[in-house]
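As structure tokens, the structure follows; a few thoughts come after it.
Naming: A, B, ... by sequence-line order, numbering from 1 per chain.
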Amino acid sequence: MASQINRRAFLSGACCLAASPLVTPVSFAAMPGENRLVTIILRGGMDGLSLVQPYGDPALRLLRPKLALGADDGLLDLDGFFGLHPAAKALLPLWNAGELGFLHATSTPYRNERSHFDGQDILESGGAAVQGERTGWLNRAIASIPQPADRRAIDINATAELILSGDSPVDVWSTRADLALAEDEQAFFVQLYRNDPAFAAALGEAMVTDMLSDRLYGTEKRSVGTQSVAKFAAGMLSTDYRIASFSITGWDTHLSQSKIFLKPVDELVTAITTLKANLSPVVWRKTAILAITEFGRTARENGSQGTDHGTGGLAVLAGGAVAGGKVYRDWPSLSDSDLLDGRDLRPTTDLRQLAAAMLRQQFGISARDLETAVFPGLSFDRHAAYLRG
Amino acid sequence: MTTTFTTMASIRFGYGRRPGEAAPESVDALLRQVERGTRETCLFPHEGMEGRRARLPAYQKILRAFYTARDSNTLEKIDGVSVNPPNIVMANTFQRDRHLKVRQAVLSPNAFFERLAAFWCDHFSVDVRKGGVMRLLTPLQEAEAVRPNLAGRFADLLKAAVLHPAMLIYLDQHRSVGPKSSEGRKSGRGLNENLARELIELHTMGAGSGYSQKDVRSAAYVLTGLWFRAPLYETAFRPRAAEPGTYRVLGRAYGGKLRQIEQIHDMLDDLAAREETCRHICRKLVVHFIADDPPEAVVAAMVSAWKRSDGHLLAVYQAMLEHPRSWEEHGRKVRQPFDFVVAALRALNVPVAELEPKKRTKGVRPVADVAALEDVTMMTADGKAALVTNPLTAGALDLLGQPLWTPPSPAGWEEGPIAWITASQITGRIAFAQRLATQFGSGIDPRTFLKDTMAETARADTIEIISRAPNREVALAMVLASPEFNHR
């Protein structure tokens with residue numbers, strides 16, 4: 001409750017400031033040195049075995065005669081065992097700079113049912129079972145962040161997403177939102193809301209965000225496309241926002257995967273490179289990006305050159321604040337006897353460990369809070385390799 | 001200024017005023033709306049309830065043909081991407097239904113009934129995003145299970161809504177198998193507690209009302225065996241999957257050596273009859289209709305009406321409407337996006353033709369040769385569904401964060417104001433108000449419009465600022481975006 005009052009107080013202040021023509025959003029660009037976290041939800045079940053292919057595992061080609069790539073097809077070697085899909089080539093400079101890493105053979109605790117809906121529920125709620133938690137883990141994490149200044153978060157979507165839903169206040173903004181009011185009209189709306197504090201505060205916040213969004217986009221067409229979204233996220237993270245979240249869809253590649261996989265991969269690449277291009281070097285160094293999905297896909301390709309819903313998959317880490325240049329894994333092997341249920345990459349690392357590690361590293365959330373409030377029941381691994389220093 | 005009965009009745013208990021529609025003038029008139037509403041057929045599913053049921057096998061046929069073609073790699077491809085006929089057919093169908101849902105609320109003369117339908121659909125939330133045929137079944141659940149039953153006994157509404165195949169799929173009941181049943185022993189499958197938990201926590205008693213995890217687990221055992229028969233999707237009982245034995249839920253025993261669906265009905269009847277359930281539902285109704293901090297006197301009057309009438313919902317609504325505290329203080333609730341969009345479309349009397357989904361017509365052709373589904377088979381040359389979202393109705397709700405039939409969780413939409421008075425929400429509502437004002441405001445005097453839509457609820461300062469607006473479009477948009485219009 002206290003944080004809500006503070007937020008409202010901040011917003012009513014923002015409203016008055018925004019009403020003054022002398023103050024621009026630059027005034028809010030305080031404390032550029034603090035850490036940032038971006039979560040990207042890859043909806044539809046991203047095929048980790050395609051994005052980062054274990055070409056060194058001899059079973060891969062047997063399981064995926066059509067989908068497995070080799071150097072001749074443009075697969076980009078990462079470490080002598082894994083290769084990066086050529087569609088993600090633009091990320092290679094980040095890999096070489098140690099600003100891109102992966103965790104392979106990972107998954108949430110979701111098993112057996114392989115439903116997008118329930119898989120995403122667990123992914124975003126951070127529970128051990130479907131509907132085990134009612135709120136999002138990133139929202140619960142906000143309340144556990146020791147520094148109040150680190151708690152501002154924005155969900156870049158029309159509808160609040162589960163990952164950031166809960167008791168802690170979070171701003172929600174769609175990149176299509178545009179307060180298309182002439183200056184004189186804007187003054188009328190300010191007047192219209194002056195006797196309703198909640199509406200006045202929301203309009204004040206809208207005017208600040210909209211001004212920022214106008215400056216970011218200029219005359220560019222606004223869309224819900226990934227580039228617009230990532231650019232907006234970078235803009236918000238350059239002010240006093242510390243957490244941003246958005247989604248990339250289109251990963252449900254049951255059919256013609258070699259073709260339809262390219263689009264979402266391109267969006268993921270765009271998201272990461274756009275964030276880097278639009279954050280100052282100082283902020284980029286303090287930023288961690290975590291891209292996660294509800295489940296991986298079947299180890300075997302299906303009869304329509306696609307893959308079906310599986311279990312173990314891949315998480316992507318990027319940003320100046322991550323310990324990149326590595327594919328972290330406890331590789332289970334793709335041989336028949338090692339597959340989960342005879343069909344899926346066997347998960348060997350709980351995805352919640354990685355998320356918890358990022359929260360710990362970026363915001364100093366205590367292990368106790370991680371294990372009780374954020375991911376109830378998790379036994380947090382304090383010495384995970386992907387935790388930097 | 002005091003608010004008159006008709007104004008309160010149409011705003012607090014309806015979707016606001018619509019030019020040319022008589023406002024309800026008494027509690028009786030509101031209750032008659034409810035009785036009429038339960039008898040009338042709603043506009044969705046677009047082919048009618050019988051029609052939808054009759055078409056379900058045709059959808060199955062398209063699905064099967066798709067799987068066969070997929071496995072033999074003979075699917076049609078456009079630009080190297082395979083065409084997915086069942087997805088196109090279901091997308092078109094759902095577009096029709098969701099636009100009709102907005103239209104139903106805009107046009108219905110039984111606004112209090114429509115508001116109750118929205119309340120109960122939220123209470124018994126199901127979600128099209130669960131996948132498969134849910135885009136076909138979710139509107140059907142509202143039409144055949146919720147709407148006709150919302151003025152009868154709560155126990156009957158509960159059974160209809162919870163036992164509907166849409167709910168069984170949404171909360172995984174059809175995957176729950178008694179581990180000691182013959183099917184459980186053979187397949188190694190087990191219990192899924194999802195429906196049992198929501199049944200007690202959300203649909204009946206309410207969270208933290210004194211039940212234990214053991215009650216939830218026992219209820220899940222009792223619910224095993226619930227099933228539906230494809231392709232008609234009729235709820236059925238499958239003894240092979242039902243856990244044998246007797247289970248105690250809140251002190252009462254259900255089950256036995258022979259498992260039957262009647263044992264499940266008994267458990268639902270008993271849960272419906274509990275004191276906690278009656279208090280939970282009455283309170284929830286008052287929180288939804290009157291105030292987030294509900295007047296306890298109104299809740300108490302409804303609880304006693306519930307008990308006197310043996311859970312008869314019309315008597316419960318009557319007790320709410322007859323209580324003087326229900327008619328105090330306009331505007332204690334924020335209109336949720338659906339309520340806001342419907343009220344705005346009504347206020348401007350937007351023509352029915354404007355509420356349809358948009359149709360792509362260039363180069364469209366049928367994606368499947370199934371006569372029964374002719375009107376939803378159209379696909380564009382680039383392989384997309386021919387029916388697309390109308391930004392004035394369903395599209396507005398997508399942008400305002402309340403897309404139709406896609407609640408965020410089984411608990412339904414957020415009820416309190418925090419979720420609905422946010423920066424992007426205000427921005428979206430102003431944009432929608434501007435769009436409607438520009439498109440449908442010609443010839444409307446803003447002062448008359450303000451008086452017609454808000455009557456005595458308009459504050460003096462609002463009237464004053466709107467009267468000074470720089471032009472008519474801005475003035476009309478300000479009415480729709482005003483704090484008064486956005487509260488009820």
Side-chain angles (χ1 to χ4, degrees), chain A residues 4 11 112-113 115-118 120-121 125 129-131 134 155 157-162 165 169-174 176-182 184-185 188-189 191-196 198-210 254-256 258-260 302-306, chain B residues 69-73 75 77 79-82 84 127 129-131 170-172 175 192-194 197-198 334 398-403 406 408-411 414 417-419 421-428 430-431 434 459 461-462 465-466 468-470 474-475 477-478 481-484 486-487:
Chain A
Q4 235 160 50
L11 290 175
N112 300 328
E113 302 289 354
S115 134
H116 293 298
F117 189 81
D118 294 337
Q120 290 173 26
D121 180 86
S125 68
V130 177
Q131 301 286 346
R134 294 266 184 229
D155 182 355
N157 278 291
T159 313
E161 295 187 296
L162 177 58
S165 299
V170 166
D171 297 332
V172 184
W173 185 265
S174 160
R176 258 167 79 184
D178 185 3
L179 200 59
L181 294 172
D184 61 330
E185 294 172 358
F188 274 91
F189 280 90
Q191 287 279 307
L192 181 67
Y193 295 152
R194 73 186 186 284
N195 291 324
D196 189 308
F199 274 66
L203 179 65
E205 186 186 325
M207 291 187 326
V208 174
T209 309
D210 186 66
H254 287 282
L255 310 165
S256 320
S258 53
K259 169 116 185 169
I260 63 173
N302 63 23
S304 11
Q305 290 107 56
Chain B
R70 199 177 79 175
D71 293 344
S72 59
N73 203 15
L75 281 173
K77 287 189 180 170
D79 281 341
V81 176
S82 312
N84 185 330
D127 187 335
R129 291 171 301 177
K130 187 84 177 186
Y170 177 51
L171 294 178
D172 308 312
R175 294 180 178 281
N192 186 310
E193 287 180 7
N194 213 358
R197 184 173 52 240
E198 307 306 16
V334 172
D398 293 344
L399 279 183
L400 291 173
Q402 199 170 35
T406 58
S409 80
E414 199 55 57
I418 296 283
I421 312 180
T422 66
S424 56
Q425 185 71 209
I426 292 284
T427 305
I430 290 175
Q434 286 176 305
R459 291 195 311 247
D461 57 316
T462 301
I465 184 73
I466 290 175
R468 289 195 289 111
V474 172
M478 282 169 74
S482 68
E484 292 95 315
N486 283 272
H487 284 83

Most heavy-atom pairs under 4.5 Å with chain B, out of A:Leu181, A:Leu162, A:Asp184, belong to A:Leu181
Less than 4.0 Å between a side-chain N and a carboxylate O, is that true for A:Arg134 and B:Glu198?
yes
Side chain, backbone, both or neither of [X] within contact of chain A (heavy atoms, under 4.5 Å):
X        : result
B:Gln434 : side chain
B:Pro408 : neither
B:Arg468 : both
B:Asp398 : backbone
B:Asn194 : side chain

Name the region of [X], side chain, backbone, both or neither, that has any atom closer than 4.5 Å to a heavy atom of chain B.
X        : value
A:Gln305 : side chain
A:Asn157 : neither
A:Leu192 : both

Hey, can you tell me if A:His254 and A:His116 have their rings parallel, tilted or perpendicular (30° and 60° cut-offs)?
perpendicular
Is the CZ atom of B:Arg129 crowded by more than 12 outside heavy atoms at less than 6.0 Å?
yes
